[in-house]
Amino acid sequence: TATTDRAGRAVDYAKMIQRGRPELFAEPWVQFPMSVAYRALGLPRDAERFYHRLSSSIVPSDWERCAQAELWMAHGRGVSPKTTYLCKRGAARPRLDGQLDDDIWHRAERLELSSAQHDDGTWPAAAMLAWDEEFLFLAASCRKVPGRAYATTSGPRPRDADLADHDRVELYIDLDRDYTSFYRLIIDHRGWTGESCLANVHWNPTWYVAHHATDEDWTVEAAIALSELTATTPGNDDVWAFGVQRIVPGVGIQSHAKPAAVEPRAEGFSLMMFQ
């Protein structure tokens with residue numbers, strides 16, 4: 001199949017790197033994609049050898065926790081070394097109006113986004129995720145930062161607008177947990193959007209966004225077709241790595257997982273489990 005062909009080529013490339021650049025081959029951002037390729041080839045033990053080597057440190061790093069999480073998922077022992085989130089399936093889709101009053105959001109687990117510096121008490125934020133057989137849904141609620149100007153813009157949203165100067169929420173989705181390649185979906189306080197795949201901004205999926213704003217808060221709801229992300233509908237055995245951050249330029253970053261940075265640190269992503 002195409003998947004196994006790509007996985008086989010990935011392993012071959014990794015072996016070439018091992019022969020010519022052993023110091024590069026040892027990097028986690030090379031080893032994790034190679035391990036994903038081994039899993040796709042039906043060789044989980046080859047992947048686990050790397051996970052065991054990386055997870056043996058007495059003081060775990062973020063990369064080591066990624067490896068420990070793979071062993072935890074494979075063998076189901078103890079408590080997850082990474083933060084987990086249960087993404088619940090909704091009986092009815094939300095009405096995308098930015099109000100967050102639908103039943104699906106009353107049932108969803110809440111992701112509190114916080115600053116590592118604990119300096120965000122006056123501008124809290126939270127996000128939620130849910131799904132059905134066709135869509136992945138995202139909701140976010142953000143208190144505006146006191147004293148910051150929130151300009152409004154009329155007219156249609158442009159494609160691939162520069163959102164770097166705007167208060168925004170970003171969702172990262174890593175389907176195969178290689179902690180290197182992931183989707184990036186961005187919504188700012190005006191409801192303007194941006195997206196990329198493997199840092200390629202020319203990836204332009206079809207997705208739907210609504211926003212609502214008051215003098216104190218701004219909220220967004222979004223739905224992206226699962227077919228834009230994956231060829232198969234997720235099930236109870238599927239686990240994606242993911243991250244959610246709010247970035248307020250010149251003020252700070254809020255995230256449910258650490259480390260957090262303007263350029264996302266994939267090794268800090270959490271685990272999304274489907275129910």
Side-chain angles (χ1 to χ4, degrees), residues 85 87-88 90 92-115 120 122-132 134-173 183-197 201 203-226 228-229 242-256 260 262 264:
Y85 179 80
C87 188
K88 297 180 180 179
R93 293 174 183 171
R95 181 174 182 270
L96 297 185
D97 56 10
Q99 299 290 341
L100 313 190
D101 54 2
D102 304 275
D103 180 67
I104 198 171
W105 301 129
H106 293 311
R107 296 183 62 250
E109 291 190 9
R110 187 176 173 90
L111 285 166
E112 300 293 341
L113 309 183
S114 61
S115 165
D120 56 345
T122 59
W123 44 286
M128 295 176 286
L129 292 159
W131 70 292
D132 69 7
E134 291 187 59
F135 292 94
L136 179 70
F137 303 104
L138 167 70
S141 175
C142 303
R143 182 76 53 81
K144 291 182 176 179
V145 177
R148 183 180 178 87
Y150 283 82
T152 58
T153 307
S154 60
R157 293 189 294 251
R159 175 71 77 176
D160 296 325
D162 183 359
L163 308 181
D165 294 331
H166 295 274
D167 188 354
R168 62 194 186 272
V169 169
E170 302 195 359
L171 170 65
Y172 318 113
I173 304 172
Y183 298 106
R184 185 176 190 172
L185 299 164
I186 310 170
I187 312 172
D188 78 1
H189 63 93
R190 304 165 298 174
W192 286 30
T193 61
E195 58 275 313
S196 63
C197 174
V201 297
W203 176 65
N204 291 317
T206 298
W207 58 312
Y208 308 92
V209 176
H211 90 290
H212 178 76
T214 68
D215 289 340
E216 293 80 27
D217 303 274
W218 62 275
T219 57
V220 292
E221 283 179 294
I224 182 167
L226 290 168
E228 297 281 4
L229 306 174
F242 82 107
V244 182
Q245 291 186 169
R246 178 195 182 184
I247 301 172
V248 187
V251 179
I253 299 174
Q254 296 170 311
S255 177
H256 74 288
V262 172

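What you see below is based on every heavy atom in this structure, not just the backbone, and it leaves out hydrogens, waters and symmetry mates.
Looking at residues two or more places apart in sequence or on another chain, you find no side chain to side chain donor-acceptor pair (under 3.5 Å) involving Tyr208. Under the rule for a side chain to side chain donor-acceptor pair (under 3.5 Å), Glu228 has no partner lying at least two apart in sequence or in another chain. Remark: Arg95 pairs with Asp97 by the salt bridge (Lys or Arg N to Asp or Glu O under 4.0 Å) rule, at least two apart or across chains. Every residue meeting the side chain to side chain contact (heavy atoms under 4.5 Å, CB included) condition with Ala164, not counting sequence neighbours, appears here in chain and number order: Asp162. Every side chain to side chain contact (heavy atoms under 4.5 Å, CB included) that His256 has, sequence neighbours left out, goes to Leu111, Leu113, Phe242, Val244, Ser270. In this structure, Trp105 has no ring-ring contact (aromatic ring centres under 6.0 Å, His included) partners at least two apart in sequence or on a different chain. Listed by chain and number, the residues in a side chain to side chain donor-acceptor pair (under 3.5 Å) with Ser196 amount to none (sequence neighbours excluded). Remark: His211 engages no residue in a ring-ring contact (aromatic ring centres under 6.0 Å, His included) (not counting sequence neighbours). Taking the side chain to side chain contact (heavy atoms under 4.5 Å, CB included) definition, one finds that Cys197 meets it with Tyr183, Trp203, sequence neighbours left out. Annotation: side chain to side chain donor-acceptor pair (under 3.5 Å) contacts of Arg110 (sequence neighbours excluded): Glu112. By the salt bridge (Lys or Arg N to Asp or Glu O under 4.0 Å) test, Asp102 pairs with no residue at all, sequence neighbours left out.
In this structure, the side chain of Asp132 engages the main chain of Phe135 through a donor-acceptor pair within 3.5 Å. Distance alone, capped at 3.5 Å, is enough to place a donor-acceptor pair between the Thr219 side chain and the Gly98 backbone. Without hydrogens or angle criteria, Tyr150 side chain to Trp218 main chain gives no donor-acceptor distance under 3.5 Å. Put simply, the side chain of Asp188 never gets that close to the backbone of Leu163: no donor and acceptor are under 3.5 Å apart.
The closest side-chain heavy-atom distance from Glu195 to Asn204 is below 4.5 Å. Counting heavy atoms from C-beta on, the side chains of Thr152 and Ser154 never come closer than 4.5 Å. Using a 4.5 Å heavy-atom cutoff, the side chains of Leu136 and Ile173 are in contact. A 4.5 Å side-chain heavy-atom check between Leu171 and Leu129 finds at least one atom pair inside the cut-off.
Scanning all heavy atoms of the two residues, the minimum distance from Gln254 to Ala125 falls at OE1-CB, 3.3 Å.
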Would you give me the side-chain donor-acceptor pairs under 3.5 Å for residues 137-146, sequence neighbours excluded?
{"residue": "Arg143", "atom": "NE", "partner": "Asp217", "partner atom": "OD1", "Å": "2.9"}
{"residue": "Lys144", "atom": "NZ", "partner": "Thr214", "partner atom": "O", "Å": "2.8"}

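The CZ atom of Arg148 sits 9.5 Å away from the CH2 atom of Trp123 when rounded to the nearest 0.5 Å. To the nearest 0.5 Å, the span separating CZ on Arg184 from CD on Gln245 amounts to 8.0 Å. In this structure, the separation between CD1 on Ile187 and CZ on Arg246 is 13.5 Å, given to the nearest 0.5 Å.
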